[in-house]
Amino acid sequence: MTDGVTRVFTWEEGARIEVRNLGGEIVIEANAAGLKTLAGHFLALAEEGTPDGAHLHLEEHNGLEAGSVGLVLERSNDE
């Protein structure tokens, strides 16, 4: 909840998401359920009324597969 606005981040059953840092690029690998989960997270952050700076941390064993690097999804209202 931020500024009285609740955002719900849901997970598709069987979602698998892995994030790898290959030096010059980041790879996000996911199965179909994982891609739907990420899409839902982005849509929740894009909802009207979501404040600047609202964010979600995804980490190894907290939504991401073992060996993944951390990933932060953050809303920025800067144009």
**Fill in**
In short, L22 meets V27 closest at the heavy-atom pair CD1-CG2, 3.4 Å
**Message:** What I want to find out is whether E29 reaches R20 closely enough, with some N-O distance under 4.0 Å, to be called a salt bridge.
**Reply:** yes
**Asked** Do F42 and L35 sit in the same hydrophobic cluster, where Ile, Leu, Val, Met, Phe, Trp and Tyr count as joined when their side-chain heavy atoms come under 4.5 Å apart?
**Response** no
**Message:** Any heavy-atom pair between the side chains of S68 and I17 that's under 4.5 Å?
**Reply:** no
**Asked** In Å, rounded to the nearest 0.5 Å, how long is the span from CG of L64 to NE2 of H57?
**Response** 12.0 Å
**Message:** For a side-chain contact (heavy atoms from CB on, under 4.5 Å) check, start with the C-alpha distance between K36 and W11, then their side-chain angles and the critical distance, and finish with the verdict.
**Reply:** CA-CA 8 Å; K36 290 177 185 176; W11 290 85; over 6 Å; no
**Prompt:** Are the side chains of R75 and H55 in touch, meaning some heavy atoms are under 4.5 Å apart?
**Reply:** no
**Item:** Matching residue for L58 among V19, T37, L38 - test: side-chain contact (heavy atoms from CB on, under 4.5 Å)
**Value:** L38
**Asked** Looking only at heavy atoms, which two atoms of N77 and P51 are closest? And how far apart?
**Response** ND2-C, 4.0 Å
**Complete:** Shortest non-hydrogen pair, A66 vs H61, comes out as CB-CE1, 3.9 Å
**Request:** Show the numbers, then the answer: is there a side-chain contact (heavy atoms from CB on, under 4.5 Å) between V72 and L56?
**Result:** CA-CA 6 Å; V72 179; L56 174 65; over 6 Å; no
**Asked** Hey, does the side chain of N21 reach the backbone of I26 with a donor-acceptor pair shorter than 3.5 angstrom?
**Response** no
**Prompt:** Do side-chain atoms of N31 reach the backbone of G14 as a donor and acceptor pair under 3.5 angstrom?
**Reply:** yes
